[in-house]
Amino acid sequence: QVRLVESGGGLVQAGGSLRLSCAASGRIVSLSVMGWYRQAPGKQRELVATISSRGITNYADIVKGRFTISRDNAKNTVYLQMNSLKAEDTAVYYCRMISPNYWGQGTQVTVSS
């Protein structure tokens, strides 16, 4: 059974930074495509970034240049470094192991303007 646990969310002012962590158990993250998604109130869940088993990264246009997804194989953890945060980045952020499909419980990020 795979378990994904996110942490690092919180309240930050616009222009600030946060780093989200996704600790995995039950499967090695470096063998899977991992992703970060987010869902704002009243909106659909959307893709933020992915990292492949080869370390190839992909970003939604709205976060390119501000967010960085990375992976620490020794800790079996995936990170999302978020810089230059904007009020519109406010959402619940979810970690996902894409194949096989597992989701974390989510962590709230609130950016005050």
Mind checking the CG-OG spacing from Leu4 to Ser21? Nearest 0.5 Å is all I need. 12.5 Å

Supply the atom-to-atom distance Arg71 CZ to Cys22 SG, rounded to the nearest 0.5 angstrom. 12.0 Å

Rounded to the nearest 0.5 Å, what separates atom CG in Asn76 from atom OG in Ser25? 8.0 Å

Shortest non-hydrogen contact between Met34 and Ile98, atoms and distance: C-CD1, 4.4 Å

According to a 4.5 Å side-chain heavy-atom criterion applied to Ile, Leu, Val, Met, Phe, Trp and Tyr, with indirect links allowed, do Leu85 and Tyr59 form part of one hydrophobic cluster? yes

Is it the case that more than 12 heavy atoms not belonging to Ile62 sit under 6.0 Å from its CD1 atom? yes

Indicate yes or no: at least one non-hydrogen side-chain atom of Leu20 is less than 4.5 angstrom from one of Met82. yes

Taking the side chain from Tyr102 and the backbone from Gln1, do they hold a donor-acceptor pair closer than 3.5 Å? no

No-hydrogen, no-angle side-chain donor-acceptor test under 3.5 Å, Arg19 and Tyr79: no

Output, in order, the C-alpha distance, side-chain angles, deciding distance and verdict of side-chain contact (heavy atoms from CB on, under 4.5 Å) for Gln44 and Tyr37. CA-CA 10 Å; Gln44 289 188 330; Tyr37 292 70; over 6 Å; no

Quick one about Thr77 and Asp72 (side-chain donor to acceptor, distance below 3.5 Å, no hydrogens or angles considered), yes or no? no

For Lys86, is there an ion pair with Asp89 - N to carboxylate O distance below 4.0 angstrom? no

According to a 4.5 Å side-chain heavy-atom criterion applied to Ile, Leu, Val, Met, Phe, Trp and Tyr, with indirect links allowed, do Leu47 and Val92 form part of one hydrophobic cluster? yes

Tell me yes or no: between the side chains of Tyr93 and Arg38, is some donor less than 3.5 Å from an acceptor? yes

Salt bridge (Lys or Arg N to Asp or Glu O under 4.0 Å) with Glu88: which residues, sequence neighbours excluded? none

Any donor-acceptor pair under 3.5 Å linking the side chain of Asn58 with the backbone of Ile51? no

How far does OH of Tyr94 sit from CD of Gln105, to the nearest 0.5 angstrom? 9.0 Å

Approximate separation, where rounding is to 0.5 Å, of Leu80 CG and Cys95 SG: 9.5 Å

Heavy-atom closest pair, residues Ser30 and Ser53: O-CB, 3.1 Å

Does the side chain of Glu46 come within less than 4.5 Å of Gln39's, by heavy atoms? no

Flag, side chain of Ser32 to backbone of Val29, donor-acceptor distance under 3.5 Å: no

Which donor-acceptor pairs under 3.5 Å do side chains of residues 106-113 form with protein atoms, sequence neighbours excluded?
unit_1, atom_1, unit_2, atom_2, d
Thr107, OG1, Gly9, N, 3.3
Gln108, NE2, Ala91, O, 3.4
Gln108, NE2, Thr110, OG1, 3.3

Ring centroid separation Trp36 to Phe67 under 6.0 Å: no

From Gln81 atom CD to Ser17 atom OG, the distance as rounded to the nearest 0.5 Å: 5.5 Å

Using every non-hydrogen atom in the two residues, find where Val12 and Gly16 come nearest and quote the distance to one decimal. CG2-CA, 3.9 Å

